Amino acid sequence: MTVNVRLFAGLHDLVGKRDIVLDLPDGATIAQLRHRLAEEYPIVEAFLSTLVCAVDEEYVPSEHVLAQGDNVALIPPVSGGA
Amino acid sequence: MTVNVRLFAGLHDLVGKRDIVLDLPDGATIAQLRHRLAEEYPIVEAFLSTLVCAVDEEYVPSEHVLAQGDNVALIPPVSGGA
Amino acid sequence: MFAVIPDPLDPAPLVQAVRRDEAGAVALFYGVVRNENLGRAVRYLEYDAYPEMAIKKLREVADEVQAQFDVTAVGALHRIGRLEIGETSLLVAVSAPHRREAFEACHYAVDRIKQVVPIWKKEVWDDGAEWIEGHIPEVPEHTAGDPAPAT
Amino acid sequence: MFAVIPDPLDPAPLVQAVRRDEAGAVALFYGVVRNENLGRAVRYLEYDAYPEMAIKKLREVADEVQAQFDVTAVGALHRIGRLEIGETSLLVAVSAPHRREAFEACHYAVDRIKQVVPIWKKEVWDDGAEWIEGHIPEVPEHTAGDPAPAT
């Protein structure tokens, strides 16, 4: 299956794209997505420890199971406000 | 000597004037002014216990000595804000 | 910026007046006329003031806030005269490097304004009206430097 | 009123949106771009966001504030894109019957926004730039109701 992955802030700058598509086995979890991401975009690996993921605009844990076509957002530590 | 006395809020409504003039002995204090006020305007007496006075836009104690032509403001408990 | 005026209060110039390049936070307080007080329906308010002294006391409160909190600037406007429900009677703006100080100092400033500034409000209800008695301002102690009272 | 937009933020409609006849107080917070951070001169900021989710999270923070404090309404606007020194990045307005709750709830809302809303700022200095890493948002626990992880 494929999932769409949205990149923000430093990740967006590093990868140079707002959206990428990842190929994952059916029933893959967020944990597996993170592994795949590190394989395909080694530059991202340093960010993984502080990165959380969101699906359908909600933060999800590593055990969360993905479905075909899911929109996953990679959320670095947030720094809005002033 | 004479001093000018400014009235606000409920006192202004009761007396019906913004400013009155009081005749006081030379060297009179705020305490004496309060007595004289109660004599000349008995309607004001009920207010005296919570009233403070200001001279030259500054709160002053009962012992404060007045001078000819002073502008005294009678300040009921304040209730500005919302 | 400090003022006691009968016109509607405009927050924009007040906020502009307290803005500083080193201030990351501005807390702005609106005191608004509400439709009830102590369970009684309010029709409108009427504010009286001793304007010259009120402005002086607003400045003194601002100086006190500046001395006690890590803030960059303070400003306050008070409206007087007749105010309808929903209209703004008081605006207090405080800028500070950080938000905590802006909030705390602004809250303190509003508390102090209600304690020391010679402004009074009359609540007007359907069946009457009353001047609200709030705080009795502190009066400084009589000091040795003052002329001795006449006896 | 909640929005995440690239245009200058206007406080007037936000304050109007939270005004209620029973609210005697409105606390309005301005997050402002300041000229230094941690001792380093800042030239300007660049904000990135996940706007749809950011708006959703602003609403959730407002719901949380409404549940925890005696307030009448909450609104928040966040600006994104390039912001110069002195420009407003965040506006949070809270109305309440009384001032204490307005101040405390507004402060709390700003704290929570900085913890959970997917917005990021890049500081640009004379000699470089850096995306600021602030708070790692809490992630809900994996619950029994979720589909079992594939193994």
Side-chain angles (χ1 to χ4, degrees), chain A residues 1 3-20 24-36 43-44 46-68 70-82, chain D residues 4 29-34 37 45-58 60 76 78-80 83 87-92 109-123 129-143 146-151:
Chain A
M1 67 178 185
V3 299
N4 308 304
V5 178
R6 237 173 141 180
L7 307 173
F8 299 98
L11 287 177
H12 175 221
D13 283 0
L14 273 177
V15 174
K17 297 177 188 170
R18 184 58 94 185
D19 295 283
I20 58 176
L24 293 170
D26 284 1
T29 62
I30 289 289
Q32 286 168 286
L33 175 143
R34 294 165 68 105
H35 275 285
R36 172 63 52 85
I43 207 169
V44 168
F47 287 80
L48 282 177
S49 67
T50 58
L51 207 62
V52 299
C53 294
V55 175
D56 292 342
E57 301 164 13
E58 195 48 70
Y59 297 116
V60 294
S62 294
E63 301 86 351
H64 182 88
V65 176
L66 295 164
Q68 163 64 30
D70 267 354
N71 293 298
V72 180
L74 303 185
I75 311 284
V78 301
S79 53
Chain D
V4 175
F29 176 79
Y30 294 69
V32 181
V33 179
R34 64 198 187 105
N37 189 28
L45 297 183
E46 185 90 38
Y47 282 92
D48 193 12
Y50 180 5
E52 305 90 324
M53 183 170 168
I55 290 173
K56 183 185 170 193
K57 289 288 161 189
L58 288 176
E60 287 181 13
H78 204 300
R79 188 169 166 195
I80 55 177
L83 275 78
E87 291 196 295
T88 299
S89 53
L90 173 66
L91 288 174
V92 179
V110 176
D111 287 350
R112 290 294 288 157
I113 286 168
K114 294 173 76 91
Q115 290 167 359
V116 304
V117 176
I119 297 180
W120 301 270
K121 81 173 155 208
K122 182 164 72 175
E123 285 184 10
E130 188 175 282
W131 286 99
I132 304 302
E133 304 220 322
H135 293 263
I136 301 177
E138 318 99 90
V139 171
E141 295 278 314
H142 184 64
T143 58
D146 293 352
T151 45

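Note on naming: letters A, B, ... go to the chains in the order of the sequence lines (proteins, then strands), and numbering restarts at 1 for each one. These numbers were taken from a predicted model, which means no experiment stands behind them.
Of the atoms belonging to D:V110, not a single heavy atom falls under 4.5 Å from chain A. For D:K56, the part lying under 4.5 angstrom from a heavy atom of chain A is the side chain only. If you measure heavy-atom distances from D:Y47 to chain A, the contacts under 4.5 Å come from the side chain alone. Contact of D:V32 with chain A is made through the backbone alone, with heavy-atom distances under 4.5 Å. When heavy atoms are compared at a cutoff of 4.5 Å, A:D13 approaches chain D solely by way of its side chain, counted from C-beta outward. Only the side chain of D:K122 comes within contact range of chain A, with at least one heavy atom under 4.5 Å from a heavy atom of that chain.
Of all the listed residues (D:A76, D:G31, D:A49, D:P140), the one sharing the greatest number of non-hydrogen pairs under 4.5 Å with chain A is D:P140. When each of D:E130, D:H78, D:E46, D:R79 is scored by its heavy-atom pairs under 4.5 Å with chain A, the top score falls to D:H78. Between chain A and the options D:Q115, D:E138, D:K57, heavy-atom pairs under 4.5 Å are most frequent for D:K57.
In this structure, D:W120 and A:F8 have parallel ring planes: the angle between them is below the 30° cut-off, well short of the 60° mark.
Residues satisfying the side chain to side chain contact (heavy atoms under 4.5 Å, CB included) test with D:D111, not counting sequence neighbours, are C:R99, D:H107. For A:F47, the ring-ring contact (aromatic ring centres under 6.0 Å, His included) test picks out no residue, with sequence neighbours left out.
In this structure, the side chains of A:V55 and A:V3 stay at 4.5 Å or more apart for every pair of heavy atoms.
Salt-bridge annotation for D:D48 and A:R18: present, with a side-chain N of the basic residue lying under 4.0 Å from a carboxylate O of the acidic one.
Expressed to the nearest 0.5 Å, how far CG of A:D19 lies from CG of A:L7 amounts to 7.0 Å.
Scanning both residues, A:L51 and A:R34, for their nearest heavy atoms gives O-NH1, 2.8 Å.
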